[in-house]
Amino acid sequence: MFDVGLGEAALLAVLALVIFGDKLPKVAAQAGRTLRQLRSMANNATADLKEGLGPEFADFDPADLNPRRFVQKHLFEDDDKVGTANGFASNEAPAYTEPALPYGERPPFDREAT
């Protein structure tokens, strides 16, 4: 996410020691508390959103609002109907199928199709 290498992380640690010195444990604890509070606020907001939407949107995932996730979900993930031989899920049949012609019989001529 941040693309920080080992040398850069070591440099950041040395800078933190120089800048904060003996206050570093207190600063780290405060940063941890702040991150926990932010995470709980985000979780509460997500729960409130789901509760406000009601049971119709029980399967709603706020992460789907991210454009990258939206495109990935709707374009690249397989659903039940994709990849089957006839385009239908195994427990689903098409509404109407044309009857097969007997062997040797020619199909009727259709001027609009030619």
Side-chain angles (χ1 to χ4, degrees):
M1 185 169 124
F2 292 109
D3 292 331
V4 177
L6 183 61
E8 294 164 340
L11 179 65
L12 289 174
V14 169
L15 282 175
L17 283 173
V18 169
I19 294 171
F20 297 111
D22 59 344
K23 298 179 187 178
L24 188 60
K26 290 180 184 178
V27 170
Q30 180 65 32
R33 277 193 296 275
T34 303
L35 285 175
R36 273 194 302 280
Q37 288 175 345
L38 288 173
R39 190 175 299 134
S40 71
M41 287 171 49
N43 289 339
N44 289 339
T46 301
D48 289 344
L49 179 66
K50 284 185 177 183
E51 181 181 327
L53 290 174
E56 300 89 32
F57 296 97
D59 61 345
F60 173 72
D61 185 14
D64 291 340
L65 297 176
N66 182 344
R68 180 179 291 171
R69 175 71 181 123
F70 181 82
V71 169
Q72 181 183 17
K73 180 178 180 181
H74 292 286
L75 292 181
F76 299 123
E77 288 184 1
D78 293 337
D79 59 5
D80 292 340
K81 294 182 182 180
V82 175
T84 58
N86 60 1
F88 294 96
S90 59
N91 59 354
E92 189 178 323
Y96 174 74
T97 56
E98 287 285 328
L101 294 173
Y103 181 75
E105 184 178 339
R106 296 181 62 143
F109 182 73
D110 185 6
R111 288 187 185 271
E112 293 178 13
T114 55

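Worth saying up front: this structure is predicted, and the values here are computed from it rather than measured. In what follows, every heavy atom counts, from backbone to side chain, and hydrogens, waters and symmetry copies are set aside.
- Atom CE of Met41 sits about 11.5 Å away from atom OG1 of Thr46, to the nearest 0.5 Å.
- Distance CG/Leu12 to CG/Leu17: 11.5 Å, rounded to 0.5 Å.
- More than 12 heavy atoms of other residues, nucleotides or ligands shown are found within 6.0 angstrom of CD on Glu105.
- Around CG of Leu15, the count of heavy atoms belonging to other residues, nucleotides or ligands within 6.0 Å exceeds 12.
- Here CD of Gln30 is found 10.0 Å from CG of Leu35. Values are rounded to the nearest 0.5 Å.
- Note that the CG atom of Leu53 and the CG atom of Asp48 stand 11.0 Å from one another [nearest 0.5 Å].
- When hydrophobic clusters are built by joining Ile, Leu, Val, Met, Phe, Trp and Tyr residues whose side-chain heavy atoms come closer than 4.5 Å, directly or via intermediates, Val18 is not grouped with Val27.
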